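This report concerns only the one structure given below.
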Number of protein chains: 2
Amino acid sequence: MNKRLASPTASVMLDETDRTLLSALADDARQPVSELARRVGLSAPSTAERLRRLEAQGVIEGFTVRLNPCALGYTLQAIVRVKPLPGQLHLVEEVIRRIPEFVECDKVTGDDCFIARLYLHSIDQLDEILAKVTERAETSTAIVKSTPVARRLPPLP
Amino acid sequence: MNKRLASPTASVMLDETDRTLLSALADDARQPVSELARRVGLSAPSTAERLRRLEAQGVIEGFTVRLNPCALGYTLQAIVRVKPLPGQLHLVEEVIRRIPEFVECDKVTGDDCFIARLYLHSIDQLDEILAKVTERAETSTAIVKSTPVARRLPPLP
DNA sequence: CCTGAAAGTAGCACCGC
DNA sequence: GCGGTGCTACTTTCAGG
């Protein structure tokens with residue numbers, strides 16, 4: 001579901017300072033405001049106010065940690081397309097939501113209703129987890145071999 | 001490509017405190033160490049050292065900002081499967097990497113070589129952007145209608 | 001892993017443009 | 001409107017236990 005905006009009508013206007021600030025935060029969200037201020041060439045209070053404004057406008061949703069799945073023992077990643085059997089759509093969504101190894105799931109147009117990302121400790125785990133889904137849906141699974149583009153910022157307006 | 005670990009052999013061991021800490025950081029990565037300390041029930045210095053250890057071990061890759069695509073004018077999101085034409089695999093990867101609206105791309109097993117996520121200002125932009133890819137690959141596109149599971153942490157060991 | 005002191009940082013009120 | 005300065009309170013870091 002698309003998040004509501006503080007300003008409901010149009011896309012927020014950003015200036016060069018905002019863009020630099022957002023890039024710096026994308027790079028390291030825990031750096032102090034004083035350091036961010038140095039990077040954007042403003043005083044700390046002004047920078048802090050920019051930050052608050054971007055949060056209030058809804059541009060910034062929050063700040064989060066990026067974990068290394070391998071360090072947690074997730075040596076495999078799969079992308080699963082899921083096509084629920086007739087009448088099973090809502091249940092399938094609930095099943096996916098309840099399996100914590102599904103770290104992300106989008107409902108999409110087209111033949112496959114859901115596209116989800118799955119973290120696995122080993123290939124054995126794949127059948128084990130998908131068994132809970134295949135009762136109610138057809139699945140097709142692709143194993144991730146590499147990630148040419150890791151999550152990055154889109155172009156900023 | 002899977003990231004190398006500080007400890008090359010096995011998955012890092014986490015205790016309950018580490019798990020609480022990581023969850024708290026996933027929730028808000030910018031909260032002060034003193035606040036994190038309160039949540040895990042440790043002193044600030046001990047919490048800060050945990051944090052440093054988790055980064056050194058490679059469990060924590062970094063901290064980043066979550067932006068609201070709608071606020072930036074990206075009213076549409078698409079997931080594109082890409083099957084390069086013979087001999088075009090490397091070029092296709094490069095083309096995707098160069099188009100900043102592709103915010104994520106995985107190389108996967110199976111018929112479709114790449115699965116990528118695309119941010120769009122409008123549906124018109126879809127053809128415009130995919131034109132650069134379809135010279136060298138077959139694509140199939142699914143528009144995101146909603147996101148039942150937004151990026152979340154997997155189960156922590 | 002904790003306490004305590006020193007350095008650094010953030011938040012606030014107020015001023016200037 | 002937006003940004004800067006100076007003060008106070010908080011937070012982080014390091015020492016030592």
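Just so we're on the same page: letters track the sequence lines, and every chain starts at 1. These values consider heavy atoms only, across backbone and side chains, with no hydrogens, waters or symmetry-generated copies. Fair warning: this is a prediction, and the values are worked out from it, not measured in the lab.
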According to a strict under-4.0 Å criterion, is B/S34 in side-chain N/O contact with OP1 or OP2 of D/dT12? yes
State whether a side-chain donor-acceptor pair under 3.5 Å links B/S23 with B/T20. no
Interatomic distance, A/R53 CZ vs D/dG1 P [rounded to whole Å]: 12 Å
In whole angstrom, give the distance that lies between atom CD of A/E35 and atom C1' of C/dA7. 16 Å
Tell me: CG of A/L51 to C1' of C/dT9, nearest whole Å? 14 Å
If I take atom CD from residue B/E128 and atom CD1 from residue B/I123, how far apart are they, to the nearest 0.5 angstrom? 12.0 Å
Nearest-0.5 Å distance that lies between atom CZ in A/R30 and atom CD in B/E55: 8.5 Å
What's the CG-P distance between A/L36 and C/dG11, to the nearest Å? 12 Å
DNA chain D: 5'-proximal contact among B/A48 and A/G41 (nearest heavy atom): A/G41
Starting at the 5' end of DNA chain C, which residue's closest nucleotide do you reach first, B/R30 or B/T17? B/T17
Gap between atoms CD and P, on A/E49 and D/dG3 respectively (whole Å): 7 Å
Among the nucleotides D/dT13, D/dT12, C/dG11, whichever has the atom closest to the side chain of B/V33 is D/dT12
Grab the CZ-C1' distance between A/R52 and D/dG1 for me, whole Å please. 16 Å
Is B/R50 close enough to C/dC1 that one of its side-chain N or O atoms is under 4.0 Å from OP1 or OP2 there? yes
On the nucleotide D/dG3, are OP1 or OP2 found under 4.0 Å from the side-chain N or O atoms that A/S46 carries? no
So that I can tick it off, tell me whether B/D106 and A/R117 are bridged by a salt bridge, with the cut-off set at under 4.0 angstrom between side-chain N and carboxylate O. yes
For A/T64 and B/R66, test the side chains for any donor-to-acceptor distance below 3.5 angstrom and give the result as yes or no. no
Could you tell me how far apart A/D18 (CG) and D/dG1 (C1') are, to the nearest whole angstrom? 14 Å
When you get a sec, tell me which of D/dC14, D/dG3, C/dT9 is the closest nucleotide to the side chain of A/P32? C/dT9
So, OP1 or OP2 of D/dG3: does either fall under 4.0 Å of a side-chain N or O from A/S43? no
Nearest-Å distance, CG (A/D15) to C1' (D/dC2)? 11 Å
